Amino acid sequence: MKKRKKLLGLLLAGAMALGLTACGAAGAGAEQTGSAAQEQGTEAAGATAPAAAPGEKVINVGVTDTLGTLNPLLLDGGEINKYATGLMFLPLMELDQDLNFQPMLADSITTEDNKNFVVHIDDNATWSDGTPVTADDVLYTALRLCSPVINNTSMMYYVFEGVGDDGYVEAGADSVAGIQKVDDKTVQFTTKNEMPLSTFESTYARYLLTLPKHVIEQYSEEELSTADWFNHPDVVSGPFVVTEFDQDHYISYEANENYWKGAPKLDKLNIKIVDGSQLYAGLQSGEIDITQHTMSVIPLEDYDSVEALENVEVVYGDPVTNQSVFIQTANVSDVRVRQAMLCAIDREQILQGLLNGHGEIIDGFLSSASPFFDDTITPVAYDPEKAKSLLEEAGWDGSQTLRFYVNSGDNTFINAANIIVAQWAAVGIKAEIQTVDFATLMSVAGGDDYDVLAVQYTYAPVDPYPDMSWLLGGEGSWTGYGNDEVNDALAKSQKTSDPEETKELFSIVDRRVQEDVPMFSAYVISAQGAVNKRVIGAKPSVYGFFNDVQNWDVSE
């Protein structure tokens with residue numbers, strides 16, 4: 001049970017962060033059009049970030065997520081926390097825009113047995129004070145990430161040898177048996193069970209933001225959770241260092257002129273935290289230079305207005321954010337009823353009508369953005385007559401009213417939910433929408449006192465296993481659904497690094513989900529991003545947005 005709690009911790013904080021944190025931001029702007037936002041003005045879009053001095057090269061990134069912390073030891077997996085902190089302390093690896101793993105602090109990660117993962121730190125990697133980045137820095141950081149004193153509940157380090165099932169080592173431990181130094185530039189991570197290289201890279205290498213041991217070992221573990229040093233660090237490995245920030249409004253950085261990959265071309269970078277309704281006005285005025293698909297949620301009703309701006313280029317992202325609908329199979333136990341629920345929905349109508357076609361319809365977990373996507377799985381078509389027939393076979397008398405929980409902050413899906421409920425009613429399924437705030441929605445999801453529940457959810461395209469295994473994990477999961485064939489396929493997926501074999505195994509899961517319908521996808525969103533035409537070398541992307549930020553520039 002402890003493992004499951006830890007898994008759910010990462011699920012909520014990491015994999016879901018792309019979609020879940022976006023809902024409130026999107027909803028906040030749902031009642032304003034672009035012109036209304038323009039009338040409101042751009043004062044909030046500018047927040048109180050320091051103004052650029054004459055001649056300085058500055059780029060302002062507009063985001064709608066809020067910042068939790070700049071301390072890598074307290075990283076919760078949220079997008080803005082990861083990226084804002086990663087500008088200073090590089091991850092070992094990061095995904096690029098094509099979903100390939102790009103070396104960051106490490107130049108390679110290899111394994112011969114899917115249990116021992118050898119991480120080699122780039123020989124050129126140095127801290128901003130000129131000190132080489134070493135294996136000791138990685139060991140120091142990893143030890144703290146599995147410390148019960150730091151108490152980070154999101155990192156799932158229980159997979160490594162020497163770490164307890166609760167994800168922690170003993171208090172005061174000075175090493176981890178499964179994380180050992182090979183030489184000054186090499187660390188070996190040893191897992192208890194087999195794990196594909198892609199899982200190690202996606203779940204651990206992307207979220208281990210190495211700290212400078214020689215600078216912060218002065219702090220006790222108790223002090224590390226609150227040390228003010230993280231708010232204005234004097235030694236970093238990344239391209240920028242924070243100068244000041246306001247948790248709710250902005251994060252301001254200046255260039256690390258000693259960045260080992262090359263000094264940034266920009267003098268400063270600001271991340272401006274705004275309401276979604278303010279992004280259009282900020283892009284129009286130039287107070288915001290660039291937005292990114294997962295941290296910057298432009299309201300759907302502003303898409304056309306943003307596209308009409310002459311000073312920006314619009315870039316639609318890969319379809320990764322899934323509007324998932326989970327059915328509590330313990331309460332809707334007849335598979336024919338669940339099949340009817342899916343057949344009765346005209347998902348293409350919803351996609352075109354509410355999202356203007358900016359997305360796709362799939363069945364299962366994997367969208368076309370995933371290297372494991374199986375395009376031979378044809379989504380279930382809208383067929384109300386078949387739905388009626390299935391309900392008749394199941395002996396459905398229409399007396400039950402399904403409780404359909406929806407995030408009150410996601411106005412787009414509230415509209416979609418109303419369409420879905422109307423289409424269910426047309427075939428004889430009664431449902432009542434219950435809109436609740438996000439925290440309440442997550443509380444509801446943790447039990448089984450609901451029939452249907454919808455939430456935006458991003459399944460990591462290169463590693464959907466953690467989400468699949470949790471959501472289809474039988475009693476106690478969001479769906480209450482379990483299946484031996486699914487369990488077997490998921491277990492085998494953890495014992496291979498062959499992409500084609502992995503694709504076949506995940507296809508088994510998606511096909512079974514399509515047939516048994518413990519969950520379905522209402523649609524997958526291709527979100528809008530935008531960049532000012534004065535910006536050089538930067539382009540909105542779902543993954544890899546800041547990977548080469550040192551090359552960003554602005555035209556004179």
Side-chain angles (χ1 to χ4, degrees), residues 322-351 361-365 376-406 413 416-435 441 444-455 457 468 470-490 507-523:
N322 194 315
Q323 183 62 63
S324 290
V325 181
F326 302 100
I327 301 173
Q328 179 49 253
T329 58
N331 299 333
V332 187
S333 58
D334 195 311
V335 65
R336 293 167 296 186
V337 175
R338 301 195 299 268
Q339 290 169 347
M341 291 169 67
L342 182 54
C343 289
I345 304 170
D346 191 342
R347 293 182 287 174
E348 192 62 37
Q349 177 195 16
I350 294 172
L351 176 67
I361 302 300
I362 64 166
D363 278 345
F365 293 89
T376 68
I377 300 178
T378 302
V380 170
Y382 173 52
D383 190 341
E385 294 307 313
K386 181 177 180 180
K388 292 177 183 178
S389 176
L390 286 165
L391 291 172
E392 184 178 355
E393 289 178 21
W396 181 262
D397 62 9
S399 61
Q400 180 179 351
T401 299
L402 302 180
R403 298 160 296 169
F404 188 5
Y405 283 84
V406 176
F413 189 71
N418 280 297
I419 295 172
I420 290 171
V421 167
Q423 292 179 338
W424 281 344
V427 300
I429 299 173
K430 292 190 297 186
E432 180 179 276
I433 296 174
Q434 301 189 27
T435 56
L441 188 68
V444 170
D448 58 7
D449 191 24
Y450 67 92
D451 302 308
V452 190
L453 179 144
V455 67
Y457 200 132
M468 286 181 166
W470 159 248
L471 292 166
L472 306 178
E475 184 179 356
S477 72
W478 283 8
T479 62
Y481 170 84
N483 177 274
D484 290 341
E485 183 182 19
V486 166
N487 294 339
D488 181 62
L490 289 173
S507 292
I508 290 172
V509 178
D510 273 355
R511 289 183 185 279
R512 177 56 65 179
V513 166
Q514 182 185 58
E515 183 175 336
D516 291 347
V517 203
M519 58 81 68
F520 63 86
S521 167
Y523 48 74

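Note that this is a predicted model, so its numbers are computed, not measured.
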Would the distance check show the side chain of Arg338 and the main-chain N or O of Ser333 forming a donor-acceptor pair, the cut-off being under 3.5 Å? yes

Any side-chain heavy atom of Leu490 sitting closer than 4.5 Å to one from Met468? yes

Residue pair Lys430 / Leu402, side-chain heavy-atom distance below 4.5 Å: no

Does the side chain of Val452 come within less than 4.5 Å of Gln328's, by heavy atoms? no

Minimum heavy-atom separation for Val337 to Ala394, with atom names? CG2-CB, 3.8 Å

Polar side-chain atom of Arg512 near backbone of Ser507 as donor-acceptor pair, under 3.5 Å: no

Please check if atom CD in Glu392 has more than 12 non-hydrogen atoms from other residues, nucleotides or ligands closer than 6.0 Å. no

For residues 513-520, which side-chain donor-acceptor pairs fall under 3.5 Å, sequence neighbours excluded?
from   : atom 1 : to     : atom 2 : distance (Å)
Gln514 : NE2    : Asp363 : OD2    : 2.7
Gln514 : NE2    : Thr378 : O      : 2.7
Asp516 : OD2    : Tyr481 : OH     : 2.6

With a 4.5 Å cut-off on side-chain heavy atoms, are Val406 and Val455 touching? no

Side chain to side chain, Phe365 and Leu471, heavy atoms closer than 4.5 Å: yes

Would you say Arg511 and Thr376 are linked by a side-chain donor-acceptor pair, where the criterion is simply a distance under 3.5 Å? yes

Sidechain-backbone polar pair: Asp451 side chain, Ile327 backbone, donor-acceptor under 3.5 Å: no

Is there a side-chain contact (heavy atoms from CB on, under 4.5 Å) between Thr479 and Trp470? Walk through the geometry before answering. CA-CA 9 Å; Thr479 62; Trp470 159 248; over 6 Å; no

Could you tell me which non-hydrogen atom of Asn487 sits nearest to which non-hydrogen atom of Leu472, and how far apart they are? OD1-O, 4.3 Å

May I ask you to test the Pro379-Arg347 pair for a side-chain heavy-atom distance under 4.5 Å? yes

Of all heavy-atom pairs between Pro384 and Val427, which one has the smallest distance, and what is that distance? O-CG1, 3.7 Å

Do Arg403 and Tyr405 have side chains that get closer than 4.5 Å, going by heavy atoms? yes

For Ala416 and Ile350, which heavy atoms make the closest approach, and how far apart are they? CB-CG2, 3.9 Å

Can you give me the closest heavy-atom contact between Ser521 and Gly364, atom names plus distance? CB-O, 4.5 Å

Can you confirm whether Glu432 is buried at CD, in the sense that more than 12 heavy atoms of other residues, nucleotides or ligands lie under 6.0 Å from that atom? no

Closer than 3.5 angstrom, by distance alone: can the side chain of Ser477 be matched with the main-chain N or O of Gly480 as a donor-acceptor pair? yes

What I'd like to find out is whether the side chain of Gln423 reaches to under 4.5 Å of the side chain of Gln349, using heavy atoms alone. yes

Can you give me the closest heavy-atom contact between Leu390 and Ala340, atom names plus distance? CD1-N, 3.8 Å

Return the orientation label for the Trp424 and Phe404 ring planes: parallel under 30°, perpendicular over 60°, tilted otherwise. tilted

